[in-house]
Amino acid sequence: MKILHTSLECYPFAKVGGLGDVVGSLPKYLNNIECTTEVIIPLYDNDKIKAQKLETIYTGDVTLGETSFDFSIKKSKFTALGFHIYFVDIPLLLFRPGVYAYPDDTERFVSFQLAILDWLVSLEAKPDVVHCHDHHTGLIPFMVLHVEKYKSLYHIPTVLTIHNAQYQGGFSYDKLNYIPPFNFDHAGLLDWDHHINPLATAIKCATMVNTVSPSYMEELQEQANGLEGLLSHEKAKCIGILNGIDDSTWDPETDPMIIKNYSISTLTSGRKANKKWLCEEFDLDINKPLFGFIGRLVYEKGADLLPDIISEALSNSDINILILGSGNADVEIDLIALKQKFSGRYNTFIGYDERLSHIVYAGADFLLMPSRVEPCGLNQMFSLRYGLIPIVRSIGGLKDTVVDIGDNGFGICHRNASVEDVCYSINRGIELYSDQKKYREIQKKSMKIDNSWNNAAKQYKELYKSLKHLK
Ligand SMILES: Nc1ncnc2c1ncn2[C@@H]1O[C@H](COP(=O)(O)OP(=O)(O)O[C@H]2O[C@H](CO)[C@@H](O)[C@H](O)[C@H]2O)[C@@H](O)[C@H]1O
């Protein structure tokens with residue numbers, strides 16, 4: 001069974017957040033269970049991609065309204081990923097250093113999808129399933145069904161995975177002519193609230209839809225940034241499949257990015273070396289418990305709560321806090337301003353740093369995840385694998401993966417995304433940390449949990465197999 005994943009991110013070539021982790025690892029695990037899984041992403045202007053040996057396998061042009069753009073499909077010769085990766089090269093639209101947040105994102109995302117479909121039409125051996133990730137590839141399920149020039153793809157089932165329903169990629173009808181001619185009787189499938197809404201379109205048109213955790217699928221029926229009714233209506237084809245992690249990349253025994261490798265039996269000395277490096281680098285006190293946060297500084301992650309959490313916790317307790325992230329400019333300013341007030345016990349790195357994130361997983365004592373919305377969350381799974389105790393708000397995938405220590409589990413859970421609840425959980429963490437024997441036991445328990453992709457890959461394979469009967 002041949003599966004093509006279409007995505008804007010794929011680690012290590014393009015990663016802004018968890019989408020990159022998922023698309024960079026699930027295909028490898030699918031290929032271990034006899035699928036032939038390939039990935040296609042845009043060709044970005046970055047060093048990771050420049051270092052690739054690429055072969056051009058197809059050339060063409062896409063037309064957006066009145067404007068045409070040349071494109072080519074390039075295949076990487078790099079095989080160590082565990083899957084083949086293709087790049088869509090559209091020099092004028094996609095060859096940029098960043099992934100998102102350009103004024104012409106609509107043009108970039110639509111042209112990416114058109115180039116993929118043009119290429120697929122040309123292939124003799126077409127994929128058995130096209131797997132789309134988030135709204136950026138959400139017009140593909142519509143176009144394979146209804147665009148005249150893609151009718152040779154009509155029989156191919158499509159899967160939409162929703163990693164984040166907050167972002168839907170809406171654009172106005174004056175860009176309707178970006179979509180090649182289609183039977184206008186179906187125009188309503190593009191519409192949501194008088195806009196073209198690629199995420200809504202994909203939910204309507206994909207053969208199957210899944211979220212990245214079962215709880216998130218349930219939550220979306222109640223709250224989905226305007227798509228609740230649609231998701232309830234399409235319930236019959238919607239399921240939740242919990243993400244996994246790449247346990248070979250995320251392995252404290254072999255991780256080349258951390259200061260000292262360790263296993264369950266050497267966890268104390270190994271983690272201490274990583275903590276020592278963090279404390280020296282960020283001027284923190286190695287003798288106090290270290291609470292970390294890693295992530296996009298956005299409302300969904302509860303990042304706006306962080307400045308008050310830091311002030312409250314550091315005014316009342318003897319701990320360190322280290323924040324790694326970037327995003328909302330006001331939050332960034334507040335986080336930087338606190339450095340002076342709590343110097344020696346608090347620090348922040350504003351930016352994206354993959355290596356530093358690995359060292360935080362390997363060296364902090366607790367990880368804060370005060371998320372308002374968390375479709376799955378990978379940080380808590382990385383942290384469990386590294387013996388870092390997660391402190392999470394029980395929502396979405398966090399609810400599905402973290403069991404509280406009070407229930408014989410391995411994490412600390414709270415009900416609300418509020419300063420009060422998080423500080424209460426921090427105090428529970430301090431209490432646990434003061435009993436080093438118990439703290440160690442919990443760490444060891446967490447490191448034994450199997451959150452690898454093995455389980456989810458089997459569920460995706462079953463899902464792909466079931467699609468034949470649906471189309
Ligand atoms: N400043 C920084 N420096 C270095 N590394 C950083 C970083 N900020 C974030 N990261 C890394 O980016 C990833 C973030 O993973 P999340 O699960 O939080 O994803 P995100 O919310 O982007 O994606 C969405 O998709 C994923 C995948 O489906 C879901 O898990 C999630 O709930 C959903 O919101 C982790 O690998 C983390 O270590």
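Atoms within each ligand, like the ligands themselves, are counted from 1 in listed order.
- Here D421 does not pair with R415 in a salt bridge; the nearest charged N to carboxylate O distance is not below 4.0 Å.
- The existence of a salt bridge linking E234 and K204 is excluded, since no basic side-chain nitrogen approaches an acidic carboxylate oxygen closer than 4.0 Å.
- Of all atoms in ligand 1, listed by their number and element, those nearer than 4.0 Å to a heavy atom of D21 are 13 (C), 35 (C), 36 (O).
- Between G18 and ligand 1, an N or O atom pair is found at a separation short of 3.5 Å.
- When atom types are taken as modelled, the side chain of Q340 and the backbone of A337 share no donor-acceptor pair closer than 3.5 angstrom.
- Contacts between Y361 and ligand 1 below 4.0 angstrom, taking non-hydrogen atoms only, involve the side chain exclusively.
- Residue contacts with ligand 1 for C376 involve both N, CA, C or O and side-chain atoms from C-beta outward (heavy atoms, distance under 4.0 Å).
- With a heavy-atom cut-off of 4.0 Å, V373 does not touch ligand 1 at all.
- Listed by first and then second residue, the ring pair (Phe, Tyr, Trp, His ring centres under 6.0 Å) pairs that reach into residues 338-360 are W250-H358, sequence neighbours excluded.
- Aromatic ring orientation, Y100 versus H136: tilted (interplanar angle from 30° to 60°).
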Please step through salt bridge (charged side-chain N to carboxylate O under 4.0 Å, His left out) for the pair R372 and D304, ending with a clear verdict. CA-CA 10 Å; R372 288 201 174 78; D304 53 303; 2.7 Å; yes

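- Close approach of ligand 1 to V22 is summarised as follows: ligand atoms under 4.0 Å from at least one heavy atom of the residue are 27 (C), 28 (O).
- Taking every heavy atom of L378 and a limit of under 4.0 angstrom, the matching atoms of ligand 1 come to 17 (O), 30 (O).
- Protein heavy atom closest to atom 8 (N) of ligand 1, with residue, atom name and distance, is G295 CA, 3.4 Å.
- Ring geometry for Y439 versus Y433: interplanar angle over 60°, hence perpendicular rather than tilted (30 to 60°).
- When each atom of ligand 1 is checked for a heavy atom of V212 under 4.0 Å away, the hits are 28 (O).
- Ranking the protein heavy atoms by distance from atom 33 (C) of ligand 1 puts H163 O, 3.3 Å first.
- The closest heavy-atom contact to atom 37 (C) of ligand 1, among the options L19, L367, N379, comes from N379.
- Screening I203, N210, L227 for a side-chain contact (heavy atoms from CB on, under 4.5 Å) involving I162 leaves a single residue, I203.
- Note on D365 versus K275: salt bridge recorded, some NZ/NE/NH1/NH2 to OD/OE distance being below 4.0 Å.
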Residue pair F83, H5: steps toward the ring pair (Phe, Tyr, Trp, His ring centres under 6.0 Å) verdict: CA-CA 11 Å; F83 55 88; H5 285 253; 8.5 Å; no

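- Every atom of ligand 1 is numbered from 1 in the order shown, and the set under 4.0 Å from a heavy atom of E374 is 31 (C), 32 (O), 34 (O).
- Assignment of G325 to the shell around ligand 1 is supported, since a heavy atom sits closer than 4.0 Å.
- If you look at K15 next to ligand 1, the close heavy atoms, those under 4.0 Å, all belong to the side chain.
- Using a non-hydrogen distance threshold of 4.0 Å, F382 registers as a contact of ligand 1.
- Annotation for ligand 1: atoms under 4.0 Å from non-hydrogen atoms of K301 are 16 (P), 18 (O), 20 (P), 21 (O), 34 (O).
- Those atoms of ligand 1 that come under 4.0 Å of a heavy atom in D353, given as number and element, are 3 (N), 4 (C).
- With contacts defined as side-chain heavy-atom distances shorter than 4.5 Å, the pair K399/R393 does not qualify.
- Annotation: I294 places no N or O atom under 3.5 Å from an N or O atom of ligand 1; distance criterion only.
- Judged by distance alone, the side chain of T266 and the main-chain N or O of Y262 form no donor-acceptor pair under 3.5 Å.
- Here the side chain of N225 pairs a donor or acceptor atom with the backbone of Q166 at under 3.5 angstrom.
- Within the listing of ligand 1, atoms 1 (N), 2 (C) sit less than 4.0 angstrom from a heavy atom of G351.
- With sequence neighbours excluded, no residue satisfies side-chain hydrogen bond (donor to acceptor under 3.5 Å, both in side chains) with K448.
- Considering only non-hydrogen protein atoms, atom 30 (O) of ligand 1 sits nearest to G377 N, 2.7 Å.
- The nearest heavy-atom contact from the protein to atom 34 (O) of ligand 1 is P375 CD, 3.5 Å.
- Of the listed residues (Y352, Y167, F349), the one carrying the non-hydrogen atom nearest atom 7 (C) of ligand 1 is Y352.
- Residue-ligand proximity: S213 is placed with every non-hydrogen atom at 4.0 Å or more from ligand 1.
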